[in-house]
Amino acid sequence: MVNLPPQTTRSKNKQAGLNPHATTYLVKLTENNQIYESTLVQRVSPPTSVSELMQRVEAIAGTTLGELAAQFQFKSPEDLLKEKGWPGQLIEHVLGASAGSKPVPDFEQIGVELKTLPISYQGKPLETTYVSIVPLTELTGLTWQQSSVKKKLSHVLWLPILAERDIAPVDRTIGTGFLWQPSFEQEAQLRRDWEEQIELIALGRIQEISGHLGEVMQIRPKAANSKVLTDAIGPDGGLIKTLPRGFYLKTQFTQSILLDHFSN
DNA sequence: TATTGATCATAC
DNA sequence: GTATGATCAATA
């Protein structure tokens with residue numbers, strides 16, 4: 001695969017009605033020196049300020065995922081049976097989030113984490129919100145302040161998407177995104193759930209943990225399938241193999257975030 | 001029908 | 001396997 005120099009510039013993108021923050025590249029897939037496919041890809045520059053990010057967020061409010069996908073030559077799956085992460089990946093791309101699976105905020109320069117939030121016709125969250133992997137070993141001395149949950153949720157850009165299952169992914173409408181930081185009480189709730197469940201894990205009682213625990217944040221499996229195993233502390237203090245877990249925000253919690261924001 | 005447990009794509 | 005992005009689907 002050959003990555004050629006930019007074929008269109010920022011200004012040309014503007015003329016063509018494309019996103020002025022995006023630079024378009026022509027990528028040619030070659031084999032035996034023969035070009036068998038050419039495709040345009042775009043790279044959107046990371047926002048350099050919160051206000052720049054929010055301008056982009058406002059610009060996509062009211063559009064559909066399909067419209068954005070077409071505009072950015074992004075694939076559009078017919079359903080999300082596979083590619084479950086498509087909405088988030090598309091929005092990341094459009095807003096200029098740093099790509100990859102690095103353990104840093106989506107908008108690294110400004111320390112903001114992006115979370116798409118599927119909502120119903122009534123505006124209620126349809127799914128829990130994944131936060132981060134749950135550490136299962138080497139927990140001694142780990143504090144809430146150091147936790148990935150605390151870091152991830154310190155500054156979040158919530159982007160509601162009308163995502164009822166009877167709406168095709170491409171026809172799902174993007175709502176009004178907004179920034180959020182946990183209130184004192186919200187952080188206290190998160191901290192209690194984190195400490196209570198991490199404590200159980202540290203005590204070797206991970207097998208007692210299910211999605212039922214946690215007032216606003218639960219622990220559930222987070223793996224390719226139920227056969228994936230990782231190390232955890234066992235009942236006798238030694239290491240055992242168990243399913244990898246993740247922290248998820250319960251829908252009532254994210255709903256309260258929406259209500260706090262949109263009812264004022 | 002709300003919730004918990006299971007799963008899918010991708011990058012490394 | 002770990003970690004990113006999440007939603008699907010069986011169960012209670």
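Numbered from 1 within each chain, the chains take letters A, B, ... in sequence-line order.
Within residues 119-154 of chain A, the residues approaching DNA chain C are A/E127, A/T128, A/Y130, A/I133, A/K152, by heavy-atom distance under 4.0 Å. At a non-hydrogen distance threshold of 4.0 Å, A/R220, A/K222, A/V228, A/T230 from residues 203-240 of chain A come into contact with DNA chain C.
Closest to the A/P244 side chain, of the nucleotides C/dT2, C/dG5, C/dC8, is C/dT2. Of all nucleotides listed (C/dG5, B/dT10, B/dT3), B/dT3 comes nearest to the side chain of A/T251. When the nucleotides C/dT7, B/dT10, C/dT4 are ranked by their closest atom to the side chain of A/D106, C/dT4 comes out on top.
Heavy-atom contacts from other residues, nucleotides or ligands closer than 6.0 Å to CD of A/E78 number 12 or fewer. Counting heavy atoms of neighbouring residues, nucleotides and ligands inside a 6.0 Å radius, atom CD of A/E138 does not exceed 12 of them. Crowding of A/E164 atom CD: a count of heavy atoms from other residues, nucleotides or ligands under 6.0 Å exceeding 12.
Counting to the nearest Å, the P atom of B/dC8 and the CG atom of A/L243 are 13 Å from each other. Taking atom CD of A/E83 as the reference point, atom C1' of B/dT10 lies 10 Å away to the nearest angstrom.
Proximity of the aromatic rings of A/Y130 and A/F247 is defined here by a centroid distance below 6.0 angstrom, and this criterion is not met.
Each of A/Q89 and A/L80 lies near DNA chain C, and the nucleotide nearest A/Q89 is the one positioned closer to the 5' end. Closest-nucleotide positions on DNA chain C for A/R165 and A/E113 were compared, and the one nearer the 5' end corresponds to A/E113.
Minimum interatomic distance between A/G234 and A/I240 (heavy atoms only, all atoms of both residues): CA-CG2, 3.6 Å. Nearest heavy atoms, A/T254 versus A/P125: OG1-CG, 3.4 Å.
Rounded to 10°, the angle separating the first-five-pair axis and the last-five-pair axis of the helix from B/dT1-C/dA12 to B/dC12-C/dG1 equals 30°.
The base of B/dT7 is paired with the side chain of A/K84 by a donor and an acceptor separated by under 3.5 Å.
A/T173 places no side-chain N or O within 3.5 Å of a backbone atom of A/G62 that could act as its donor or acceptor partner.
A salt bridge is defined here as a Lys NZ or Arg NE, NH1 or NH2 lying under 4.0 Å from an Asp or Glu carboxylate O, and A/K151 with A/E113 fails to meet this definition. We find that A/R191 and A/E195 are joined by a salt bridge, their nearest charged nitrogen and carboxylate oxygen being less than 4.0 Å apart. Note on A/K75 versus A/E83: salt bridge recorded, some NZ/NE/NH1/NH2 to OD/OE distance being below 4.0 Å.
Rounding to the nearest 0.5 Å places CD of A/E208 at 9.0 Å from CG of A/L203.
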